[in-house]
Amino acid sequence: MSTPLLEVNGLKKYFPIRSGVFGRKTGEVKAVDDVSFSVMPGEILGIVGESGCGKSTTGKSILRLIEPTDGEVKFENRNILELSNEEMRKLRKDMQIIFQDPYASLNPRHTVEKIISEPLLVHGMKNSKERKERVRELLEVVGLSGYHATRYPHQFSGGQRQRIGIARALANNPKLIICDEPVSALDVSVQAQILNLMEELREQFNLTYIFIAHDLSVVKHISDRVGVMYLGRMVELTTKEKLYEDPKHPYTKALLSAVPEPDPDIKKERIILKGDVPNPQNPPTGCAFHTRCPLAMDICKEIRPEFAPVEDHHFVACHLYNDKQ
Amino acid sequence: MKLEETNNQFQEQNLPPHDDNVMDEEETEAVSPWRDGWKQLRKNRLAIIGFAIILFFILVAIFAPLFTSYSYDQQNLADRLHPPSKEYLLGADHLGRDIFTRIAYGARVSLQVGFFAVTGALVFGSLLGILAGYFGRWIDMLISRIFDIMLAFPSILLAIAIVAILGPSLENALLAIAVVNIPIFGRLVRSRVISLREEEFIMAAKAQGMKSGRVILHHILPNSVAPIIVQATLSFGTAILEAAALGFLGLGAQPPTPEWGQMLADSREFIQLAPWTMLAPGLSIMLVVLGFNLIGDGLRDALDPRMKN
Amino acid sequence: MFAYVMRRLLMLIPVLFGMTLITFSIVHLIPGNPAKVILGEGAPAQAIADLEERMGLNEPLYVQYGNYIMGLLQGDLGTSLKSKGEIAQEIWPHLAATMELTFFAMLFAVIIGVNAGIISAWKQNSWFDFLAMVFALIGVSMPVFWLALMEQWIFAQELGWLPAYGRQDSRDPIAEITGFYVLDSLIHLDFERTITILKHLVLPSIALGTIPMAIIARMTRSSMLEVMKSDYIRTVRAKGGGQFLVIYKHALKNATIPVLTVIGLQTGVLLGGAILTETIFSWPGIGRYVYEAISFRDYPVIQSGILVIAFMFVIINLIVDILYKKIDPRIKY
Amino acid sequence: MKLKSSWLLLLLVSFVLFLAACSGDGGQKTDKGATDDTESTEESSEGADESASGEKVLIFARGGDSESLDPGSTTDGESSRVTRQILEGLLEFDKESFELKPALAKDWEVSDDGLTYTFYLEEGVTFHDGTPFNAEAVKINFERWADPEHEYAFADDGFVYSMYGTMFGGYKGDEGHVIEEINVINDYEIEFKLSQPLGYFLQNLGMSYFAITSPAALEEYGPDISEHPVGTGPFKFVSWTKNDSIVLEKFEDYRVEGLPKLDKVIFQVIPDPSARLIALRSGEVDIMDDLNPDDAAVVEGEDGLTLLTRAENNFGYVGMNTEKPPLDKKEVRQAIRYAIDKQAIADALYAGYATTSKNPLPPVYLGYNDDVEDYEYNPEKAKELLAEAGYPDGFDIELVMSPTSRPYMPDPKTVAEIVQNNLAEIGINVTISSHEWAPYLELTQNGETELFILGWSGTNGDPDYFLSSLLHSSNKGSSNYTYYENPEVDDLLDRAKRAVDQDERADLYSQALEIINEDSPMVTLVHSTPVLAISDNVINYVPHPSTSESLAEVDFAN
């Protein structure tokens, strides 16, 4: 295998909590707590987890849309957290994002033309005719028509808007696109169309995706490898096949049991997780999942399990497996 | 009364997702949010009345010389305090000047004061508000505290103090009014910027690799324009009131400039002899302010229903 | 709650500090020489120089500012150049006069505004609603000083119903206790005098209270309209019978927030408007005290007067914010 | 929730009470309004002159508050108006003129060289605080004014006795200071020794600024004496609500038997002249000063009110800074005098209660020169003079003024506008700029103005107070606002000041006025006759030209 396109090591993002008379920092939310993984060129890495588990923050931290607290993000072997603002700005040509909410992520006062051509302009395409051409091309690539260019976002449906968002992300031929739950706001029927489009585009333009989603069914469809996050930590990471066939972490198992099977005859034991997601301000000691884990042991309450490979390309953070090694 | 007639033009976020191919007919016109606002505004009867009032005063201001055979400073001491008549439509003041003529020329003064004071406050207020809102941290701390302190003084008092420092004149009154209005715009823009900064399309703009300046100019500002316009319209009225108050206290325009507040102050002495001299200037101030308030209300309903309370 | 109040109080410190800085610089930027003002027409140069020295006007600015702050911390607002009296003592009766006027103006605004707003919303689109809202719109656009003049002309001069000036019948002045004349007359159990004093309050209170009244009416109406859409009200309405009182009670509760908001926002406007109203109605309040000090260049009075007014404004806003928080703990700052 | 509705309820209840109170009384008033207007005024004022307790209370309405009630340390007319009732000097002026009358000094003698004045004081007079009035008290007061180091001078508290400095040539130790020593001969005899003769020394002593304060009160109150005046006058000080009212009450032991007639006098501040008149018409006040001359006709036409005038004791003028070009050219100044229509100003703004003036001195004054040639309104001549001076096309100039109403000029702003209009006719383009009173005076004193509008009122009835103050070159930078300088005039004025023979003085002043008229440092506009209005049932009230008159003899009819 070649060198990874993106390498994330020990990424952390803590949000301070301030309160009291002086607004002192009285605690912090560890939204992303020591997450590491890498992405190969042309690969689609899925990241799943319940809402609030820090997967979106992870995605935005990688792009420095949120400044990480600590860690290392290497893109093509450059630690981008050390780049100056201007260097980072230039690098954004190669790293793009598609947002979850197609309604909120498009400037309501700009025409589609302007929305898509703006990234072209800021990365050096000064000729407006050229830009116009490119916008039409991109619109057609994502399945819209050239005449849509003069309209405003509010004149489009959700799926169409997400297509615009994709066109915008594609504008400068990026190498990596982080897709932050790109279909979760859409109708199910539209979801499939968008997912198909994204897969086509990957092949067409040789893209690499980090695909963030909160349900496994979507990720299953599109990913090569999948990472599972819980309370700011990565708990399992492996190839799609292994994850779906042989999930290791109890949390992954629980998630998988909730995925509806297309074939109603296949009987499946549904694992219902007890309790709520703990307060991220005050996460449980040891393994963060132990409060809800059906298989929790004493050690889980005290020691945080290491995120370690149990098999080839199969990383898990769970004492059940750490013991076996 | 259409004050409550909310329209959902700007609440696209709340619309249910459409089917993917709903609006694909080629004929569909490109509808900009501005045009929607204008459409909405045209339906608002009160706003139209407001426009009519302001338009009337603008026309009067422009064509003042055509309405009258007098000049605003032409004295005719023999006719002082002449009651309204054919000769003097609204009567004559204590120097025998035609009040109608002075009101007409006074419209120029008031509208100009309103315009320049609001423009000044808007430009500087927005600038500071953007700086504070976009960059946050100590810049925000500093600017916000300055706004707090300025707002701690009743605006007319602060304006009086500023005029006391600079000396009474129309220009200084205008400057004072602009200064006291800066924090109003500043705060508005700052809070707009802060809420916009969290919006995804701003993050998207950053993700595209845009520079801060471009993000502010092309994304944050255009989306803050609606509330700023509404505030500017309302402030227009307030500024005219404040200018008139300063004029009334003798701190505004200098004679023989026909400033309405000052005309009111002049006529105050003749409340026993010639009460009609007080009517026209007072009514004019009230009408112009009313006009701007009506337009402001209409704009708020049309452009930015969220600002309503 | 306690932490919130404490934090607000702490946040007040830089604001208060900034306020002293502003008042101090206003006074030092106003052209004119206090020593000359004191000495009046035709004073010899030597006398002026001597006086400047005695007043500490030769000291560097930061020393003067330091002295000013030290004085303030000890409750010393300085000495009036004009009357040579202690400002801290002189200012109280003026402040009381303004506070009484402002209170009654607000009372007028709240009572009329809230009720007009509720009835307008209840009878939405009726002639009452239309008239009330037209009046409210005109009220918001009203030049206070013009309204005051018109009132004086019509009610004092032409009709002779109400007194044209002052706080009381000057032939028979009240023995002051608190400086709030209504309160004082009640303490004296002199109800006839209370009525006289209230009569003096009517015209200026209306002049001053009109703008907040109009704003309160409009805000109450729109917040009421939202309440009327609620299920609770729909149920009451559906039941019929005695519904107006039920809704009225309900509406009053809902009026608290707009009323508080307006009190917070408009106090400054009122205190400013008081300068004009007080001049027209010869009301011996703090606005006139400061305004006259400006025309006589009585620097210490300008400085302390503006500071006291701003301080009042800040405190009222603080109280309003705390009340907000108490009424609706969801509100965050 | 309970809390909220209850406070609103409380507000509601209080407002209902408030409305009920007003409407109840309003109804009563309406009845009154329904009857004849004049009747109601009479009715209310009749009821008003005696308060609930049957006392005679007079309300005197005026435009501004007093600055200080320590008469020596202020030059403010509104202050002396009040102190005149509380404190007395050695001498006083006659009711309607500046003729001297005995007051605390029942008799006096002047030495032939004019350097020694001996006063014989009234015996058995006590101050309001019960301490006796005597020669020692007089000496303490004069020394307090003369010497900033004196224990009662309170110089550290900003007390300055500028009127003393002006009238007596400076302070202790100054070269021009005329009072060399004061000798107490016995309790009721005191002697002033002067270093040089002063033509108007006695005249000064009649001024209300030089009234005697109880030394015990100076000791007791210290610098607070400015708010606790204690004198020998007909009325005692009771209270002072700043910017509102000053209350005085009858001094039972007043030295003149049977006076004062009134039990209480209240000086009420009503800044706005029209509100003042409304108050008078409705019977809320008994006397109002500073009536707008335009309203004089209203007062005359109304039963129950009487119009009074003060004797002319002032003049209003447009000053020209004689050091600033082009005003440094005599022809330009004369041209401006010809261009301004004084008669129109007198007619329009003073409603006839003013006469045009040609001398900077009122006609009743010693030395008034009726022979000087007046500058009649003549724009043609003005243009010629301008052309002669080299300005055939006129020029631009600034006219500075303060809108504050003064006795000599009730509406300076309007005067400024008329002057602007007049000068435009001869090509002089005037820009008006207005300032508050205090900074305005400072500007003109510093000679930073070109044209300005001012006036001067007499206080001791002596021409020196007009001419030396305004036109002697030694007063440049203080009261010589025009920066006029003519050695000949200086000499004439100096000689007139020292001369003791009044005829000789009159002659010297007449000569000076002749030169001044030619040099034209100012456009003398008018001598105004300030008008005031009183309620008909106020009797024995006589306005004094100095604006301060004793109210001791004032009474109510019936």
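Lettering of chains follows the sequences in order, A, B, ..., and the numbering in each one begins at 1. Hydrogens, waters and symmetry mates are skipped; everything else that's a heavy atom, side chains included, is used.
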Scanning both residues in full, the closest heavy-atom pair of C/Ile280 with D/Ala275 reads O-CB, 4.3 Å
[X], part contacting chain C, at a heavy-atom distance under 4.5 Å:
{"X": "D/Ile278", "result": "side chain"}
{"X": "D/Ala155", "result": "both"}
{"X": "D/Asp224", "result": "neither"}
{"X": "D/Glu227", "result": "side chain"}
{"X": "D/Ser226", "result": "side chain"}
{"X": "D/Pro223", "result": "neither"}

Can you measure from [atom1] ([X]) to [atom2] ([Y]) and round to the nearest 0.5 angstrom?
{"X": "C/Thr279", "Y": "D/Asp272", "atom1": "OG1", "atom2": "CG", "answer": "9.0 Å"}
{"X": "D/Lys242", "Y": "C/Ile87", "atom1": "NZ", "atom2": "CD1", "answer": "10.0 Å"}
{"X": "C/Tyr165", "Y": "D/Gln268", "atom1": "OH", "atom2": "CD", "answer": "4.0 Å"}

Hey, are the side chains of C/Glu292 and D/Asn243 touching, using non-hydrogen atoms and a 4.5 Å cut-off? yes
Any side-chain heavy-atom pair of D/Val269 and C/Arg288 under 4.5 Å: yes
Enclosure of D/Glu448 CD (heavy-atom neighbours >12, cutoff 6.0 Å): yes
Determine whether more than 12 heavy atoms belonging to other residues, nucleotides or ligands lie under 6.0 Å from atom NZ of D/Lys476. yes
Who among C/Pro163, C/Gly85, C/Gly166 has the most heavy-atom pairs with chain D under 4.5 Å? C/Pro163
Looking at C/Ser282, C/Ala97, C/Pro93, which makes the most heavy-atom pairs under 4.5 Å with chain D? C/Ser282
Portion of C/Gln152 that has a non-hydrogen atom of chain D nearer than 4.5 angstrom: both
Note: vs chain C, highest number of non-hydrogen pairs under 4.5 angstrom among D/Ser274, D/Pro271, D/Ala279, D/Ser68 is D/Pro271
